[in-house]
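A quick note: this is a predicted structure, and the numbers were derived from the prediction, not measured. Order of the sequence lines fixes the chain letters, A, B, ..., with proteins taken first and strands second; residue numbering starts at 1 for each chain.
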Amino acid sequence: MSNTQIIADSFPALHQTIGDKRLVYLDSAATTQKPQCVIDAITSYYEHDNANIHRGVHTLSMRATTAYENARQSVANLLQASRKEEIIFVRGATEAINLVAQAFARPILSVGDEILITEMEHHSNIVPWQLVCEQTGASLKVAKVNDDGSLNIDSFKELLTEDTTIVAFAHVSNAIGTINPIREMCALAREVGAISVVDGAQAVGHIPVSMSDVDCDFYATSGHKMFGPTGIGCLYGKHALLEEMEPWQGGGDMILSVSFEETTWNNVPFKFEAGTPNIAGAIGLGAAVKWIESFGYDTMIQQEQELLAYGRDVLRSIEGVTLIGASEHNAGVIAFTVAGVHPHDVGTILDHEGVAIRTGNHCAEPLMRRFNLSATCRASICVYNTRKDLDHLGSAVQEAIRMLG
Amino acid sequence: MSNTQIIADSFPALHQTIGDKRLVYLDSAATTQKPQCVIDAITSYYEHDNANIHRGVHTLSMRATTAYENARQSVANLLQASRKEEIIFVRGATEAINLVAQAFARPILSVGDEILITEMEHHSNIVPWQLVCEQTGASLKVAKVNDDGSLNIDSFKELLTEDTTIVAFAHVSNAIGTINPIREMCALAREVGAISVVDGAQAVGHIPVSMSDVDCDFYATSGHKMFGPTGIGCLYGKHALLEEMEPWQGGGDMILSVSFEETTWNNVPFKFEAGTPNIAGAIGLGAAVKWIESFGYDTMIQQEQELLAYGRDVLRSIEGVTLIGASEHNAGVIAFTVAGVHPHDVGTILDHEGVAIRTGNHCAEPLMRRFNLSATCRASICVYNTRKDLDHLGSAVQEAIRMLG
Amino acid sequence: MSDLRELYLEMVTDHAKNPRHRGKANPCDCIGTGNNPLCGDKIVVTVQLQNRIIESVKFDGEGCAISTASADLMAEVLIGKSVEEAKKIFKMFHELVAGEGTSDNLPNKLAVFSGVREFPMRVKCATLAWHTVIAALDGVEDVTTE
Amino acid sequence: MSDLRELYLEMVTDHAKNPRHRGKANPCDCIGTGNNPLCGDKIVVTVQLQNRIIESVKFDGEGCAISTASADLMAEVLIGKSVEEAKKIFKMFHELVAGEGTSDNLPNKLAVFSGVREFPMRVKCATLAWHTVIAALDGVEDVTTE
Ligand SMILES: Cc1ncc(COP(=O)(O)O)c(C=O)c1O
Ligand SMILES: Cc1ncc(COP(=O)(O)O)c(C=O)c1O
């Protein structure tokens, strides 16, 4: 049995038909499907260990606490963080970035400070900075994107100045798949004394990510995009920065002691995990990390790159199809348009053929505008996809052209 | 088969032994166990419908969106909100209260404004207000608690003045179980023009809660305390207030349109749900609501009150045991101390007997201080408990006294 | 599985490809902007009124086949109708595409959208122009179908 | 299931009930405050030093049996030891209760805490006083075991 077959077998949701067509899931950039081991970890937690954590003396609470903290360690290992306390569990990349914007940036920003982002950011890495700019008087700068979808590094360098306090950018673009040279970008940020925030939502689970190598200050991830459950994600932060920061939310577990006169914060990472966290989510994420590790990034990259090249060929060979921002260093995301057929109609027709893609602005309106588009079609690839899936994509697109083109 | 048996059967985690003792779970105020239907709803979502919501044209995305929005409707029905848009999905009660403190209170508070809370609040309903007081210069007032654990309503009335901007209090105390007269308290708040925020974490799933009856402005709940999954909860807010408020977090789904010059917020409730939400969590919560409804509050109250009375009797009959704050209007929470045995040791010995209770300050340090205690034991009752469970509690406490008393 | 051909009837694709009412009403008595974040589409609807009778409806902006055809056929149908009639028609149209009503009392041309009921994700496309024109008539500027 | 009697040995319960070293060292050369949010306990440890030799250790505050007995026996063991020896003993003690080491090289009296290793939730109780005294010796004021 092929590697691909083994993988496909362990994802229950992939084994279904849409109408009378086999499901071809090419929307993993929106959310990945979950391997059985992740689903089982959640079920098993609820069926055997369910309890609140950290404050309990009883056995279930101890088991739940251990499982939750082991998940933190697993994530720390996967990301090659130097210690598990650098991993804060949040709802997802969006909350992670908002946490940095509010708890780290807001207190230190004022008029004259600049935040540098790029034209290819997801709304989640734009709006939190717009909000904090409005709150503090800081201003937002935007580095340009080249026609091929790669970052215009000259524009980035030009806008990176002594006034730049924070630099925030995607590791991998969700809309077009560009892989940014984040190590170099973080180094450039450090040179001007700026703090780097990397939006890794689309990277983890696809390409290796190492905090010790990248040397960024913050890194945001979403569990549901790396084979884990919804409602869980991580913020990595350098320990020294996390220590300095004030908490963001207040509540249980994030304090050492509360009186009406004075409240003492708990240690990192608990200081940032107010209230009962998504315990089952963290445990499911831990299982997802184990799955990624057992599969191995080498195989992953090789398969996804191979499928990316194949998928691009399939689409390029169809008259009327234009690929958008198909850069050289690209993850498995193929953005395209079809002449004469609106992406939304393409999406409906593809769905009818069993092919699930995403259409629209992909929460990246400014990037769409950069390419003079209001919407695109996006097929995103994951290890469980096959060449056959991309063949289906191709024939479904041809069907769309036949119907409406 | 008795009602109680039927319930007990549908909670898989309750069917286990701790060492060689049957598990007696009396820690439901920390988190409730989950009925099989909730676990199945989560599993089924991941195995069949898993997709990101709101922006997809394909079938899975449509199914996921429908299930997620149906869950919102279910919660709205359970809470008797006037429309489903008044329900915002959050991580839990803690995040709900922080959302109100930051997105509603922070922009309107300034020096001279007062926030009134009570001595029996959970840290999650204290610290967010302390933070916002520090940020705005507003000040925190604290209504007293009587010796029997009930709210001192005179103190509450006295502290409620024209300067009071926000009043925040628990529906049910997690530490001692007091049920507060929230309808009356909200009416008093309205009289002075204050906004009422009710912390309902311990109420929903135990006693009926009706927004249309209570007429509060905000109401916070945690899914994991009402038979639902971890990582999900709701903030109810009056529609007009939610409309007025600025968003709290920025990201995907909470905006209508983003440009670097201007960003337009989405409608309520999406404005407050930035990023991919806990989709599986919301769907699981929807299933929990269905479970509560099918069980019915009448039966629930009757059973819990009966068990409360029985449990109090069991403990009162043991020499050396003192009940703490055992008020007349009480939910199924029994707080107690054992002469000569520290609560933490009680907890360990009970665990050894299979009895799971919580010990410590229960995230209610100020209340502990009010009773001159640093910690208590807390047995909390849920519909799946039985008299036999409470008999076990009694004999385990006697064992603790034998060993250390 | 529902049939795609019920959604993309020839009349729909024809109006989508060759809309007759693109542009801006002149004079323009009211204007509305609609937004469907799902498609990334925006539409501007302009109306010329005379004594609360619609003289002309025009729309502009890019959209999918369903929303374009719907806007165009809406314009066709609304000309000569009173504001009140327009609202009544919208109500019935909404019920039709949401699967809660029939096309019995609707202007004939709108019946081609019956197929939308089988595609719930497309209901917003079919109703965007309608929401927008009603908002324009009510004097509200921005609407969204999400 | 581990045996409770291994946790609550007679020596432990005796020192918990009748601690010999409650109070405040006088003169007090260093002081530390420890905090175990799990029990809601707080402990204050005071130390009298003479040329980096511990002359006296006292503790105050309320705690569970394990943390009280551990504080009391710690005080007993540390008297006469150098700061460096104290740190070494703590390291071994921590390994013992965390289940990573044995009591072989530990002062005899501390061996009674071997049972703690079977109760992971109680490790923090057994080490609170130790963390606090080390912090006091290092000049750090507040510690927590969470
Ligand atoms: C690049 C990027 N950043 C951030 C996010 C936001 O992630 P989430 O919605 O899980 O918070 C996404 C998800 O779409 C993304 O693709
Ligand atoms: C009364 C009360 N309020 C708030 C909370 C906080 O809930 P969560 O930890 O689920 O955010 C709790 C939970 O312990 C509680 O009992």
Side-chain angles (χ1 to χ4, degrees), chain A residues 12-13 18 30-31 33-34 39 42-43 46-48 50-52 55-60 91-92 94-95 98 123-124 126-128 130-131 140 142 222 224 229-232 249-252 255 257-260 263 274-276 278-281 344 347-348 351 356 358-360 363 365-366, chain B residues 12-13 18 30-31 33-34 39 42-43 46-48 50-52 55-60 91-92 94-95 98 123-124 126-128 130-131 140 142 222 224 229-232 249-252 255 257-260 263 274-276 278-281 344 347-348 351 356 358-360 363 365-366:
Chain A
I18 301 297
T31 199
Q33 293 302 333
K34 319 305 175 201
I39 302 171
I42 299 167
T43 309
Y46 284 127
E47 291 187 352
H48 304 294
N50 174 64
N52 214 324
R55 299 294 165 94
V57 281
H58 59 77
T59 302
L60 295 194
R91 180 167 34 245
T94 302
E95 191 182 33
N98 278 278
H123 293 166
S124 289
I126 301 174
V127 185
Q130 290 181 321
L131 286 172
L140 196 64
V142 187
S222 288
H224 70 96
T230 55
I232 192 77
Q249 300 189 29
I255 45 84
S257 120
V258 172
S259 74
F260 294 125
T263 288
T276 304
N278 186 350
I279 305 171
H344 207 173
T348 295
D351 181 50
R358 186 133 306 217
T359 64
C363 292
E365 245 185 292
Chain B
I18 302 298
T31 199
Q33 294 302 334
K34 318 307 173 200
I39 303 172
I42 298 168
T43 309
Y46 284 127
E47 292 186 352
H48 304 293
N50 174 65
N52 214 324
R55 299 293 165 97
V57 281
H58 59 77
T59 302
L60 295 193
R91 180 167 36 245
T94 302
E95 191 182 33
N98 278 278
H123 293 165
S124 290
I126 302 174
V127 186
Q130 289 182 321
L131 286 172
L140 195 66
V142 187
S222 289
H224 71 97
T230 56
I232 192 79
Q249 299 188 31
I255 46 82
S257 121
V258 171
S259 74
F260 295 125
T263 287
T276 305
N278 187 351
I279 304 170
H344 206 172
T348 295
D351 181 50
R358 185 132 305 216
T359 65
C363 293
E365 248 186 289

Heavy-atom pair count under 4.5 Å with chain B, highest-scoring of [options]:
{"options": "A:N50, A:T94, A:V127, A:I232", "result": "A:N50"}
{"options": "A:T263, A:T230, A:I39", "result": "A:T230"}
{"options": "A:S222, A:A51, A:S259, A:G92", "result": "A:S259"}

Worksheet item: Side chain, backbone, both or neither: which part of B:N98 has a non-hydrogen atom closer than 4.5 Å to chain A?
Response: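 For B:N98, side-chain heavy atoms alone lie under 4.5 Å from chain A.
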Fill in: Proximity breakdown for B:E47 and chain A, heavy-atom pairs closer than 4.5 Å
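Both the backbone and the side chain of B:E47 come within 4.5 Å of chain A.
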Heavy-atom closest contact ([X] atom, [Y] atom, distance):
{"X": "A:S124", "Y": "B:G252", "result": "OG-N, 3.2 Å"}
{"X": "B:R358", "Y": "A:N52", "result": "NH2-O, 3.5 Å"}
{"X": "B:G251", "Y": "A:P128", "result": "N-CD, 4.5 Å"}

Fill in: Largest heavy-atom contact set with chain A, pairs under 4.5 Å, which of B:T43, B:L140, B:I42, B:V142
B:V142
Item to complete: Under 4.5 Å heavy-atom distance to chain B, tell me which part of A:Q249 shows up: side chain, backbone, both or neither.
Response: both
Item to complete: Using the side-chain contact (heavy atoms from CB on, under 4.5 Å) rule, take A:D351 and B:V57 through it: C-alpha gap first, then chi angles, then the decisive distance, then the call.
Response: CA-CA 8 Å; A:D351 181 50; B:V57 281; 5.7 Å; no
Answer yes or no: is there a side-chain heavy-atom contact under 4.5 Å between [X] and [Y]?
{"X": "B:L60", "Y": "A:Q33", "answer": "yes"}
{"X": "B:T31", "Y": "A:T276", "answer": "no"}
{"X": "B:Y46", "Y": "A:P12", "answer": "no"}
{"X": "B:H224", "Y": "A:I279", "answer": "no"}

Worksheet item: Are any of the side-chain nitrogens in B:R91 or A:E95 under 4.0 Å away from the carboxylate oxygens of its partner?
Response: yes
